[in-house]
Structures are given as C-alpha cells and as structure tokens.
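Note sheet for the following structure.
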Amino acid sequence: MIHLVLLGPPGAGKGTQAERLAAHYGLEHLSTGAMFRHHIGRQTRLGRLAKGYMDKGRLVPDELTTDMLKEAVSRHVDVKGFVFDGFPRTLAQASALDDFLDQSGACVLKALSLEVADADLLARLRKRAREGARIDDSDERVIRDRIAAYYEKRAPLVGYYRGRDKLESIDGTGSIDAISAHLIRIVDRALPC
Ligand code: AMP
C-alpha cells in the first residue's frame, strides 16, 4: 500500500496535485474538505456541524474529522493506497492517522508539503473565488483566517513528519506539470524497489 499525505495552506495546489498523484500511482484521492462540502450539500448532521467552523475559516474539530476520514478509508477495499489531501492538519490528526494505518500494518510513505508565499495564495484564492469554484473562497476575511489556521498548526505537524524522516518540502509555485514531476520524482525515490 502507498499512502501519501499532502500538506500546505489553502490555495497551495493540494487538490490538483493530489488528483495527479492519485492518477499516476493508481491511488484513491481523499480530501476531507471535499467530504465536508459533500455533507454540507446533503445537509447531514455532520455537514451542519462542519459548516459552522468552515464558514469562519476555522478547522473542524479533530475527532469529527478523523472519524469521517477513517470511515472513508474503511469504505475503500482492494485499493493500492490513498493520497490524503488536507488531512492531517493537526498533530492529533497525524498521530490518529498513523495509529489507524498501523492497525493494518501500513504507514505514510511521504508527507509532501507544498510551500507557497501568502501573497500568491491570496491571489490564487481570489481567482478561484472569481471563477466561482468554492464558496468559502469568496470572503477575504475567511480566506485570511483559513491561512492563519493552517500556520497555527503547521509547526508541530511538519515537525512530526520531519522527525519520522517523512517530510518533503516542495516549492508550490511554477507550472502544475513541473510541480507534479517533482512530486513524482520524490515518491519514486521513496518507493520500495
Ligand atoms: P480544504 O478543502 O482542504 O481547503 O478544506 C476546507 C475547510 O474544511 C477547511 O478550511 C476546514 O474548515 C475544513 N477541513 C478540511 N480538512 C480538515 C481537517 N483535516 N481538519 C479540520 N478541518 C478541516
């Protein structure tokens, strides 16, 4: 099994790159943000709970997020692995993911951290808002709060993976193809031969 984690602030390109990695390696792409948006669309209890946090640019509590993620992983049988996009976002989530994967003798192969300067993130998120792709990109204050929420939790999260020799920081600016190629080179090197 190959399990990859994509880290990075909102607008860093995690979704795009996660999709490409999943296609390249034949993995399942799991985005907790997309799962929450799906729940909100269906007006489930979880969706209503999550919306309260997402509308303010805050993180949904760890337990709700982790339970939802585990449930999604468990629904996929006979897969080669997962690309986790936007999960984990906190140290508690990273540790819960490791414990969960460990139950089936698996682990995270690499945590790929996309680094993009705040000014570029804001420009990308404003563009995404103009294109109408994401409702949570339309409020400038919420965008800034989401970026702040990421950096508030980033240091211990990155430290967790660095300490386990899993962290790879990648410049998330430049062409989408060049970034994908860079990520694939890193993952290829990490794959068992
Ligand atoms: P994303 O699509 O990854 O940008 O996530 C959109 C929003 O969903 C975030 O701003 C959070 O409010 C929530 N969210 C997504 N993933 C997580 C997570 N791992 N932990 C907590 N909240 C999350």
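Order of appearance sets the numbers: ligands from 1, and atoms from 1 within every ligand. Here, residue 1 is the first one in the sequence, and each next residue gets the next number.
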Would you check the N or O atoms of G86, main chain and side chain alike, for any that come under 3.5 Å of an N or O of ligand 1? yes
Could you tell me whether some N/O pair between R58 and ligand 1 is separated by less than 3.5 angstrom? yes
S95 and Q93: side-chain donor and acceptor closer than 3.5 Å? no
Apply side-chain contact (heavy atoms from CB on, under 4.5 Å) to F87 and T66, showing your working. CA-CA 9 Å; F87 185 95; T66 303; 4.0 Å; yes
Could you tell me whether E28 and K80 have a side-chain N and a carboxylate O separated by less than 4.0 Å? no
Show me which atoms of ligand 1 lie under 4.0 Å from any heavy atom of R37. 2 (O), 6 (C)
Does F87, backbone or side chain, put an N or O under 3.5 Å from an N or O of ligand 1? no
Taking the minimum heavy-atom distance to atom 3 (O) of ligand 1, which of K14, R89, R146 ranks first? R89
Do the charged groups of R154 and E115 touch, with an N to O distance under 4.0 Å? yes
Proximal ligand 1 atoms for T65, defined as those under 4.0 Å from one of its heavy atoms: 18 (C), 19 (N), 20 (N), 21 (C)
Using a 4.0 Å cutoff against the non-hydrogen atoms of Q93, which atoms of ligand 1 qualify? 18 (C), 19 (N), 20 (N), 21 (C)
Report the relative orientation of the aromatic rings in H76 and F82; use parallel for angles under 30°, tilted for 30 to 60°, perpendicular for over 60°. perpendicular
Around atom 22 (N) of ligand 1, find the nearest protein heavy atom and jot down its residue, atom name and distance. V60 N, 3.0 Å
Side-chain contact test, heavy atoms from C-beta onward, threshold under 4.5 Å: evaluate it for P88 versus Y161 and give yes or no. yes
Does an N or O anywhere in T32 fall below 3.5 Å from an N or O of ligand 1? yes
State the CG-NE2 distance between D85 and H29, to the nearest 0.5 angstrom. 3.5 Å
